There are 2 protein chains.
Amino acid sequence: MESTFGIIAEPNRRAILSLLASSEQSVSEIEHRLRMPQPSVSKHLRVLREAGFVEARVDAQRRVYRIRPDPLREVDAWLAPFRRFWSTHVDALERHLDRMDQAPPRKGTKRKKGKKR
Amino acid sequence: MESTFGIIAEPNRRAILSLLASSEQSVSEIEHRLRMPQPSVSKHLRVLREAGFVEARVDAQRRVYRIRPDPLREVDAWLAPFRRFWSTHVDALERHLDRMDQAPPRKGTKRKKGKKR
DNA sequence: CAGGTATATACTTGTGTGCGTATATACCTG
DNA sequence: CAGGTATATACGCACACAAGTATATACCTG
């Protein structure tokens, strides 16, 4: 029932995703960092997992969760037609990226610049 | 209570936004094209308007609605940290957008954080 | 002004869903 | 095996909200 957008409508789930964006985390780590009750964390993680936003790796009794990008990519794709409203010359770049999306994955070039905000 | 994300969680509202992405439309045009009851359209438009997603231009008895990009931009910004999961050299795009963020007049609210109540 | 069109609002109802509390399951260590 | 830790699930409740129906407001045309 819950669509991709419905799922990220929940603030706590967005918080979990944002936390996982930096690095994978176990349930208790999430629980502690976001200061939210453990059943709540587990339940949100279940929703996120079943919708494909995250996946779990088992490490002894811990489950370490990490991002799976596909659903967020869908959001990104939905957003595409609106980008022209705030970006004038990104259009070309966008088409460029579109073409790149189906290009074979190439590894090696990531985050070479420390330009974070 | 309705956040930016909560608002686009509604499929009909997304449909309205997508329709408006192509060009501005009157209420009855939306009603007809999306085949949804008029009160529903008006109500969704109200929500979208109050949240800043759209604005209305008055033309006689008609109200012609058009996109206002700011809230969607916020979504786009939230998405930014995740892009590295599916794009290798989109970093260029990111820097590009970063630069762009401070280029236009004003509107510097990035980094929208909110997890407490 | 009447009649018609276009849009907005009021009110009710049903359903979904997040939360809290309690408990169950799984695994590790001694 | 016992005891502890880590995570998942069950259940009840309260509340937000989308949809439907009916009605109100605004404006245009004759």
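Residue numbers start from 1 in every chain, and the chains themselves are labelled A, B, ... in the order their sequence lines are given, proteins ahead of strands. All values derive from a computational prediction rather than experimental measurement.
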**Request:** Could you list the residues that satisfy side-chain hydrogen bond (donor to acceptor under 3.5 Å, both in side chains) with B/Arg62, not counting sequence neighbours?
**Result:** none
**Message:** Just the rounded figure in Å: distance from C1' of D/dT5 to CD of A/Glu29.
**Reply:** 15 Å
**Prompt:** Who pairs with A/Arg13 by salt bridge (charged side-chain N to carboxylate O under 4.0 Å, His left out), at least two apart in sequence or on another chain?
**Reply:** A/Glu2
**Message:** So, using side-chain hydrogen bond (donor to acceptor under 3.5 Å, both in side chains) as the criterion, who are the partners of B/Ser23 when residues are at least two apart?
**Reply:** B/Gln25
**Asked** By salt bridge (charged side-chain N to carboxylate O under 4.0 Å, His left out), which residues pair with B/Arg68, not counting sequence neighbours?
**Response** B/Glu55
**Complete:** Contacts of B/Val75 meeting side chain to side chain contact (heavy atoms under 4.5 Å, CB included) (sequence neighbours excluded), chain-then-number -> A/Val75, A/Leu79, B/Thr4, B/Phe5, B/Ile8
**Request:** Please list all pairs passing the ring-ring contact (aromatic ring centres under 6.0 Å, His included) test where one or both residues lie in residues 25-66 of chain B, with sequence neighbours left out.
**Result:** none
**Request:** Enumerate the residue pairs fulfilling salt bridge (Lys or Arg N to Asp or Glu O under 4.0 Å) with a member in residues 38-49 of chain B, sequence neighbours excluded, ordered by first and then second residue.
**Result:** B/Arg46-B/Glu50
**Spacing between A/Arg46 atom CZ and D/dA10 atom C1', to the nearest angstrom** = 10 Å
**Prompt:** Rounding to a whole Å, what distance do you find between A/Glu31:CD and D/dT5:P?
**Reply:** 13 Å
**Fill in**
Between B/Leu20 and the options B/Ile67, B/Val64, B/Leu48, the side-chain contact (heavy atoms from CB on, under 4.5 Å) test singles out B/Ile67
**Prompt:** For the pair made of CD in B/Gln25 and P in C/dA6, what is the distance, rounded to whole Å?
**Reply:** 15 Å
**Request:** Determine the contact category for A/Ser42: base if any of its heavy atoms lies under 4.0 Å from a base atom, sugar-phosphate if only primed atoms, P, OP1 or OP2 are that close, otherwise nothing.
**Result:** base
**Prompt:** Just how far, in rounded Å, is P of C/dT17 from CZ of A/Phe5?
**Reply:** 16 Å
**Prompt:** How does each nucleotide of nucleotides 18-25 of chain D score, in 5' to 3' order, for protein heavy atoms under 4.0 Å: base (B), sugar-phosphate only (S), or none (-)?
**Reply:** SBBBB---
**Those residues that, when tested against B/Ser40, pass side-chain hydrogen bond (donor to acceptor under 3.5 Å, both in side chains) (two or more places apart)** = none
**Request:** Under 3.5 Å for both distances, Watson-Crick or G-U wobble, that's the pair rule; now give the dot-bracket for DNA chain C, with | marking pairs to another strand and [ ] for crossing ones.
**Result:** ||||||||||||||||||||||||||||||
**Message:** Using a 4.0 Å cut-off on heavy atoms, which residues in residues 54-67 of chain A reach DNA chain D? List them by number, or say none.
**Reply:** A/Gln61, A/Arg62, A/Arg63, A/Tyr65
**Asked** Less than 6.0 Å separating the ring centroids of A/Trp78 and A/Phe82?
**Response** yes
**Message:** Holding to side-chain hydrogen bond (donor to acceptor under 3.5 Å, both in side chains), I want the full list of residues that pass it with A/Arg57, two or more places apart in sequence or in another chain.
**Reply:** A/Glu24
